Amino acid sequence: MPEHTELEQELLAGLNGPQREAVTTTEGPLLILAGPGSGKTRVITHRIAYLVRCRGVRPWHILAVTFTNKAAREMQERLEKLVGLSEAREMYIGTFHAICARVLRAEADLLAPFGLTRSFVILDTDDQAALIKQALRDLDLDEKQYRVSLIHALISRAKNAMLSPYQMAEQARRYTEEVAARVYRRYQQLLRSNNSVDFDDLLMLTEQLWRTESEVLARYQQRWQYIHVDEFQDCNVPQYKLIRLLGRGSYERPGGSGNVCVVGDDDQMIYSWRGASAENVQAFERDFPEARIILLEQNYRSTQHILDAAQCVVRRNTARKEKRLWTALGQGEKLIYHEAYNDEAEGLYVADEILKLLARGEVAHRGEIAVMYRTNAQSRALEEQFLRANIPYKVIGSRKFYERKEVKDMLAYLRLLLNPHDDLSLQRIINVPNRKIGPKSLGELQRWAREEQLSLYDALQRSEDHPTLGRAAKNALQQFAHLLAELRSSVAELRLPELLDRVAERTGYGPELRASPEGEERWSNILELRRVAEDYAEIETSLALELFLENVALVGGADVAQTGEDGTLLHEEDQDAVTLITLHAAKGLEFPVVFIVGLDEGILPHGRSIDSPEQLEEERRLAYVGFTRAMRRLYLVRARRRSYFGDVVYTEPSRFLADIPPDLFASSPGSESRRQSSTWERGGRYESYDHDHEDYGSRRVYGGAASRPRRSVPADTTFTPSSADVSSTPAAPRFQPGDRVLHHLFGQGIVLKSELESGSEFVEVQFQGKHGKKRLSLDYARLERLP
DNA sequence: GCCGCGCCCCTTTTT
DNA sequence: GGGGCGCGGC
Ligand SMILES: Nc1ncnc2c1ncn2[C@@H]1O[C@H](COP(=O)(O)OP(=O)(O)OP(=O)(O)O)[C@@H](O)[C@H]1O
């Protein structure tokens, strides 16, 4: 078939030898171990495209698993480009948790033994904590002594090791763990009586279902015949077991296609705290002994200086296999190191530098820039400066929006409509807005519900029969019961966005917020939530509710972008923005320009990891992951003082800086920041030139250890950007006025105009229906041309 | 029953 | 810098 060869040529054209081998080895297990930027993810996407377009594999037989939502979205987008929207939509691409949620929901009939029904809800972190707290109270344990966060972490660790409460108690190595095992038991009871699951349950229950129900497993083995796992090094035990079951069946009942392609890099293993372990690679080799192993050695992402620096940091880890990694992209620019006076100045420096990059045209779009940090808390200092400098940015993985009270309240209503036995949500909103059902009435109702073995919802419906509650309380409860029943019946009548409207209006929550000026912002948040719900308007409402709530729980909603001026929330595709992201979430991504901030002892490596050699190695890998995200320019930034929980703390430079040979650094760009640049004196003493010269001499310097190899001055040459660095973008517009287009959210539309602006194409599209006219950047918007 | 104040702890990292 | 929680005043 000649088209085949042509297609094949096209797909294989952008691949090197070993990559081609990986892509065309479509049958049997495949293990790809390779360093960053070597095209592992590219192999997965091209392999999938090859399967579908050259080997005639139907797209619904394809499964691709990622670890973060962002990675799943990126892969979906890459595949849409390679195989087209309609085919890509038929594949299953998602995180383990999302896949498990989908499986469990689909197998609703078999959930009864687990104490769940189809309408189970996935609890977010806060709700999980609330249940732990409840469990502690039920067991008469002191919350001060047994901190919720600690107990929660211990329970989660046990669940990820697939231990039952009983097994956890047996294996307890300290008293706290024994107590946690008791809490675990109660916590599971509470979860189930709420008809709810936590994140760990999703994995464990699916594994259990597949392991015990062989016909069910067989169906999924039939369905997903080509399995791909990205970032395999971060698999934990239940996740690996899922892959094994799907690809090879259980020891007792072998099965599955055996077509399992896993790709990973042990130097990028950064989730061992979540149960990831290098043992999974060994397990894979044991369980799939015939696996073809392919190594990739050429890095296509970064320039040599960046790679060198990254490898110098990770090379200090013991017990790692050295991998060859080279780039043909040339030496490239040197790294830029900057030391700021404090964390505020750190943010200011980054913001300034970004403005300069844009002004000089060294970077065409803000989207080419990412700022990475170790802890989420570090984003605030950056955000403040970005707001001041009017730099649009987006914080990836920020859950802030979904943590707002009004948003949580609305979501609690929605969850209750789906799953009336969600006592947690009912408790939350029974008196929101105020309907005179205070803690006393609620407490009495709960006590009674427990006594009568009713869910809170059923108890509410029958509150007339309550023996002791007074008339006023009963009236209030009855009225609320009717309200809920009425809202529940409107699920059948309304689309999801309209359902949200009805909830807001009928509960009186909307009117209350709109009535006061203070409520205005909160009301606009509810409108924002409604906007997210609009994506589900076309789907049958009860299914839409399920999907919407699942998405909120697992994805934490859209990545939130914020404009400079007014702080309004905008969605990702709406504008060109700088990315703010944790090092963890950045794994698998790449950006032309990367800033890593907080290269301080205590931050990176994090203070909690400093005492343990294993954890310190993980910090090193984290730095490695961060460095290797950069394509052509890498900034390493730190602050000498930092506010920590309010008070000021002096920091020392990260020990990782000392691992980088000084000749890989350029000086700070520009003359005015040269004043701020810092240097190490010959004696290893650290000295700074900006602001003041107060003597902090008693503080120790540079990693604190005199024995540390000391750095000399990073060469103090002026930084000159090379013209080759300016990224090139197409000179001709892709769309013309009159073109018919399809957008994944807004549907069909007609291009009104198209213009090129600093190398990016912007189109104005008139969409059909309520979306109306929109201006989109083609750098972000996914637009398909329609014939 | 509501609200405001002050105290405490908190921070890894993600689903 | 901030969120949760308990206490005390209205
Ligand atoms: N053969 C190739 N020719 C040109 N570009 C390539 C080739 N292989 C990979 N690339 C490019 O290199 C970059 C890195 O690829 P990719 O993200 O797949 O690497 P990776 O191994 O998954 O990296 P990481 O481990 O850091 O996630 C991408 O921009 C990709 O398009």
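Letters A, B, ... are given to chains in the order of the sequence lines, protein chains preceding strands, and every chain is numbered from 1. Note that the structure is predicted; figures quoted are calculated from it, not measured. Any value given below was found using the heavy atoms of this structure, including those in side chains, with hydrogens, waters and symmetry copies removed.
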May I ask you to check if Arg105(A) and Phe120(A) form a cation-pi contact, with NZ or CZ under 6.0 angstrom from the six-membered ring centre and within 45° of the axis?
->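 The answer is yes, since Arg105(A) meets both limits relative to Phe120(A).
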Choosing from [options], which nucleotide comes nearest the side chain of [X]?
{"X": "His606(A)", "options": "dG1(B), dT15(B), dT11(B)", "answer": "dT11(B)"}
{"X": "Thr68(A)", "options": "dT15(B), dT11(B), dG4(C)", "answer": "dT15(B)"}
{"X": "Arg380(A)", "options": "dG1(B), dT11(B), dG1(C)", "answer": "dG1(C)"}
{"X": "Asn434(A)", "options": "dT14(B), dC2(B), dG1(B)", "answer": "dC2(B)"}
{"X": "Asn431(A)", "options": "dT11(B), dC2(B), dT14(B)", "answer": "dC2(B)"}

Rounding to an integer number of Å, can you tell me how far [X] [atom1] sits from [N] [atom2]?
{"X": "Gln378(A)", "N": "dG2(C)", "atom1": "CD", "atom2": "P", "result": "17 Å"}
{"X": "Leu604(A)", "N": "dT11(B)", "atom1": "CG", "atom2": "P", "result": "19 Å"}
{"X": "Lys400(A)", "N": "dG1(C)", "atom1": "NZ", "atom2": "C1'", "result": "12 Å"}
{"X": "Leu123(A)", "N": "dT14(B)", "atom1": "CG", "atom2": "P", "result": "20 Å"}
{"X": "Gln145(A)", "N": "dC9(B)", "atom1": "CD", "atom2": "C1'", "result": "16 Å"}
{"X": "Arg435(A)", "N": "dC2(B)", "atom1": "CZ", "atom2": "C1'", "result": "17 Å"}
{"X": "Asp201(A)", "N": "dT14(B)", "atom1": "CG", "atom2": "C1'", "result": "16 Å"}
{"X": "Asp230(A)", "N": "dT14(B)", "atom1": "CG", "atom2": "P", "result": "18 Å"}

Identify whether the distance between the nearest side-chain nitrogen and carboxylate oxygen of Arg320(A) and Asp267(A) falls below 4.0 Å.
->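 Between Asp267(A) and Arg320(A) there is a salt bridge, with a charged N closer than 4.0 Å to a carboxylate O.
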Considering every strand and a 4.0 Å limit on heavy-atom distances, what is the contact class for [X]: base, sugar-phosphate, or nothing?
{"X": "Tyr644(A)", "result": "nothing"}
{"X": "Lys436(A)", "result": "nothing"}
{"X": "Glu384(A)", "result": "sugar-phosphate"}
{"X": "Asp200(A)", "result": "nothing"}
{"X": "Tyr271(A)", "result": "sugar-phosphate"}

Taking everything shown except Glu520(A) itself, do over 12 heavy atoms lie less than 6.0 Å from its CD?
->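 Counting other residues, nucleotides and ligands, CD of Glu520(A) stays at 12 neighbours or fewer.
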Does [X] place a side-chain N or O at less than 4.0 Å from the phosphate oxygens OP1/OP2 of [N]?
{"X": "Arg147(A)", "N": "dC10(B)", "answer": "yes"}
{"X": "Asn376(A)", "N": "dT11(B)", "answer": "no"}
{"X": "Ser149(A)", "N": "dT11(B)", "answer": "yes"}

For Phe199(A) and dT14(B), is the gap between ring centres under 5.5 Å while the planes differ by less than 30°?
->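 Stacking is absent between dT14(B) and Phe199(A), given that the ring centres and planes do not meet under 5.5 Å and under 30°.
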Want to settle it: does Pro439(A) or Arg274(A) sit nearer the 5' end of DNA chain B, counting the closest nucleotide to each?
->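 Residue closer to the 5' terminus by nearest nucleotide: Pro439(A).
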Which residue lies toward the 5' end of DNA chain B, Thr582(A) or Gly438(A), if each is placed at its nearest nucleotide?
->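 Per heavy-atom nearest nucleotide, the more 5' residue is Gly438(A).
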For Asp422(A) and Asn194(A), indicate whether the former's side chain and the latter's backbone hold a donor-acceptor pair under 3.5 Å.
->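 No, Asp422(A) side chain to Asn194(A) backbone: no donor-acceptor pair under 3.5 Å.
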Geometric class of the Tyr635(A)/Phe595(A) ring pair [parallel <30°, tilted 30-60°, perpendicular >60°] |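 The rings of Phe595(A) and Tyr635(A) lie parallel, inter-plane angle below 30°.
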Pairwise distance CZ(Phe656(A)) to CG(Leu636(A)) - rounded to 0.5 angstrom |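 Interatomic distance, Phe656(A) CZ to Leu636(A) CG, rounded to 0.5 Å: 12.0 Å.
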